[in-house]
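Just below is one structure, and these are the notes that go with it.
What you see is a predicted model, and the numbers here were worked out from it, not measured in a lab. We're numbering straight along the sequence, starting at 1. All values below come from the heavy atoms of this structure, side chains included, with hydrogens, waters and symmetry mates left out.
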Amino acid sequence: MTTQFDIKQLLQKPIAMMTGEELTFLLNSSMEAKANEQTPIVQKRTFYGIEGIAQVFGCSVPTANRIKRSGIIDAAITQIGRKIIVDADMALALAKEAEANKEKKE
C-alpha cells in the first residue's frame, strides 16, 4: 500500500495528528533532501617548516628559504617561535599574484 503524500500539507499538519506512515514519509523525504545537498568538505592544506614551503612550490630548501625571506607569501605563513605553518593554497595564490604584478610592471 503506497500512498503519495503532499509534503506541503504534511508540513502544515501537527505531528500529534500525523499517522506513523505520514511521519515516516516526511522524515525520509527530509533525509533524502539532505543527502542530495551535501557539499564536499574542502580540507585546508597545511605544510610545516621550510621543507613544507619547498614541497608546496616544488623547489629546493635554499630556494624555499629565499621565497620566505622575500615576503611574498607572508600572509600565508603563521610562525610561532621556530614553528612555521604554511597554508599551501594561499601561498600559491599569493605567488601567482606577485608574478602577475611583476609582469605588469615590465
Side-chain angles (χ1 to χ4, degrees):
M1 178 175 173
T2 53
T3 309
Q4 199 65 308
F5 298 109
D6 184 27
I7 292 179
K8 289 183 182 179
Q9 287 179 348
L10 287 178
L11 290 173
Q12 299 287 328
K13 192 174 187 179
I15 293 176
M17 302 296 288
M18 287 185 192
T19 64
E21 188 178 16
E22 290 172 334
L23 184 60
T24 303
F25 174 78
L26 194 58
L27 290 173
N28 286 339
S29 64
S30 174
M31 295 292 276
E32 287 174 9
K34 285 193 180 206
N36 292 338
E37 285 181 9
Q38 285 185 345
T39 57
I41 298 171
V42 178
Q43 282 189 325
K44 193 173 184 179
R45 296 182 339 162
T46 55
F47 291 88
Y48 297 92
I50 298 296
E51 292 84 11
I53 296 172
Q55 286 178 346
V56 170
F57 289 100
C59 62
S60 66
V61 172
T63 302
N65 215 350
R66 281 194 295 271
I67 292 170
K68 182 184 178 299
R69 279 189 285 132
S70 72
I72 293 171
I73 62 170
D74 279 351
I77 296 174
T78 303
Q79 188 163 355
I80 303 167
R82 292 183 61 196
K83 188 173 195 171
I84 298 171
I85 304 168
V86 182
D87 180 351
D89 297 325
M90 183 186 269
L92 290 171
L94 289 170
K96 188 175 184 179
E97 183 180 308
E99 185 66 28
N101 288 341
K102 183 179 172 185
E103 288 176 1
K104 284 182 183 178
K105 288 182 181 179
E106 291 178 353

Nearest-0.5 Å distance, CZ of residue F47 to CD1 of residue I84: 14.5 Å
As an exercise, state the distance from CD1 of I50 to CG of N65, rounded to the nearest 0.5 Å. 4.5 Å
May I ask whether L11 and F25 are part of the same hydrophobic cluster, defined by side-chain heavy atoms of I, L, V, M, F, W, Y residues being less than 4.5 angstrom apart, directly or through others? yes
CD1 of I15 to CG of L26: how many Å apart, nearest 0.5 Å? 8.0 Å
Restricting to non-hydrogen atoms, name the atom on M17 and the atom on E22 that form the minimum distance, rounded to 0.1 Å. O-OE1, 4.3 Å
Tell me whether V61 is reachable from V86 by hopping between hydrophobic residues (I, L, V, M, F, W, Y) whose side-chain heavy atoms are closer than 4.5 Å. yes
Can you name the closest pair of heavy atoms from A54 and A64 and give their distance? N-CB, 3.6 Å
For residues 48-64, which residue pairs pass the side-chain hydrogen bond (donor to acceptor under 3.5 Å, both in side chains) check, not counting sequence neighbours? S60-T63, T63-R66
Tell me the side-chain hydrogen bond (donor to acceptor under 3.5 Å, both in side chains) pairs involving residues 74-89, sequence neighbours left out? R45-D89, K68-Q79
Interatomic distance, CG@N101 vs CD1@I72, rounded to 0.5 Å, equals 10.0 Å
When you compare the side chain of I73 with that of V56, does any pair of heavy atoms fall below 4.5 Å? no
Qualifying side-chain hydrogen bond (donor to acceptor under 3.5 Å, both in side chains) pairs, either residue in residues 23-32, two or more places apart: none
What closest approach, in Å, do I67 and C59 show between heavy atoms, and which atom pair accounts for it? CD1-SG, 4.1 Å
Using 0.5 Å steps for rounding, measure from the CD atom of E21 to the CG atom of L23. 11.0 Å
Flag yes if more than 12 heavy atoms outside L27 fall under 6.0 Å of its CG atom; otherwise flag no. yes
